[in-house]
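This report concerns only the one structure given below.
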Amino acid sequence: MYELYIEDKNPKVSFQFFKNVFYKHFNLRRKPPIKDTCNKCDMYSAQLNNSQDENQQLVLKEQHDTHFENAKLARDQLNKDFKEAKKNPLIETLCYDMQKVLGLPKLPTNIVYYKRQLSIFNEGVHSGSTNTPYCFLWKEGMAGRGAQEVGSCVKKFIDVHLNKGVNELILWSDSCGGRNSNIKIVLMLKAVLMQHPTLNKIYFKYLESGHSFLPNDTDFGQIERALKNQVRIYTLHDFRSVIGNCKKHNKFIINLMEPDDFYSTENLENQILNRKMTINKEKVNWLKTKIIKLEKSKPDSIFFCESHSSEDNNFKELNIAKSVRSKKNSLNPQKLKVLYPRGKPISKKKWDDIKTLLKFLPKDTIEF
Ligand SMILES: [Zn+2]
C-alpha cells in the first residue's frame, strides 16, 4: 500500500510515518489469509460470480444459506454437548481429529526436503467434561492412519480415561467420510459398547465439512507453534516432550500407542451384513448422515439421522444382523483381533531415504 501511495505522487512521507497514520487514523486491519477455506463456500461464490441467470443465482444463494445454517446448527449442538458433559457426570463429550503428519527427523539440513521421512501420527482427543486435551501417538511402521487406527485411539481413551459411571458418550468429528463415518469405526465402538460396564449409548456426530473447527484445532495449533521453535527433532520421545511442555496449564495427557492397542474390525465385519436399506426400506446415506447412534439394548441396529436440528431428530434404523430372524446377537465383541501384530511395513523407497539421513543424527537416536 505504501508503494502504491508513493507511485501515486502523493506528498512524500517515510514508511514509518505512513504506518503510524494508517494504524492510528484508519479503522483498518490486515490479517494473514485464511489457509483452509471451505470448498463448498468457494464453489458457491465462484458459481454465483459466473452466473448471469437470476433464477440460478437464487438457487445457488439458497443452497449456500442452507450449507451455512447446517454448519451453525452443528456448531451450536457441539457447544451444547460440551456444556452438558461439564455439568452431567453421566455424559461425556469428546472431539477427535488427526493432526497434520510430522516427518522425522526434523533437521535444518536442506537435504531433508528431498527425502521421504518417517511419519509420526497424533490422534487428538479433547474431553468436554474436563476440557483436557489428550494425545495418542504412534509412528509409521506400527500402524497406518485409517478408520481402525482412529477407532483404536478412541477405544483406548474409553478403556483408560473415561470417567467412571458415564452412560452416554458423544463423539464429535469432522465429516471426513473415509476415516470418521465408516462402518469400521462404528463396529469397533459397537464392540466397546457391548462390553462396557456402564455405557448405554454412543453417538457419532459430524460437523459440516469445511466449517469443522474443533477444540482439537486449538490443541494442534499449540503443538505446532512449539514445533516451530524446535530446530531438531529425532525421535517419537522428542516429539512427546515437545507436546508435554508446550502448555503451562491444562497440559496434554500423552498416550503412546503400542502395536496391540490397534484393533482390526475384519472379524466384526464378517459377522454382520452392511445393508443399504433401513428396516423401513429407506436408503442409508453415510455421507449425508449427521448423527449415528448406537444403543446397548439394540446390538443388531445402527441408527442414522441426517439433521442436527432437534425438531427433526428422527432416526432411521438399520439392521446389520446376517439373518434378521435369528434370535442370537450377530456381533461377538470378543472377536476383535490385533490389526498389525508385526507392524505395517514402510515402503522400500522410504526406508532407503531414511537410511541416507542417518549420517546427520546423533548416535543415541539411530536405534529409533
Ligand atoms: Zn462452507
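The first residue of the sequence shown is numbered 1, and numbering continues consecutively from there. For ligands, and for the atoms within them, numbers begin at 1 and follow the listed sequence.
- Salt-bridge formation is not detected for the pair E140/K344: no Lys NZ or Arg NE/NH1/NH2 atom is positioned less than 4.0 Å from an Asp or Glu carboxylate oxygen.
- Across all their heavy atoms, V284 and R275 have their closest contact at CG2-O, 4.5 Å.
- For the pair K72 and D76, the salt-bridge criterion is met [side-chain N within less than 4.0 Å of a carboxylate O].
- For K9, there are no salt bridge (Lys or Arg N to Asp or Glu O under 4.0 Å) partners at least two apart in sequence or on another chain.
- For the side chain to side chain contact (heavy atoms under 4.5 Å, CB included) with I292, the qualifying choice from F315, Y203, Y206 is Y206, the only one to do so.
- The number of protein N/O/S atoms found under 2.8 Å from the Zn ion (ligand 1) is 4.
- Shown here is K19, whose NZ atom has no more than 12 heavy atoms of other residues, nucleotides or ligands within 6.0 Å.
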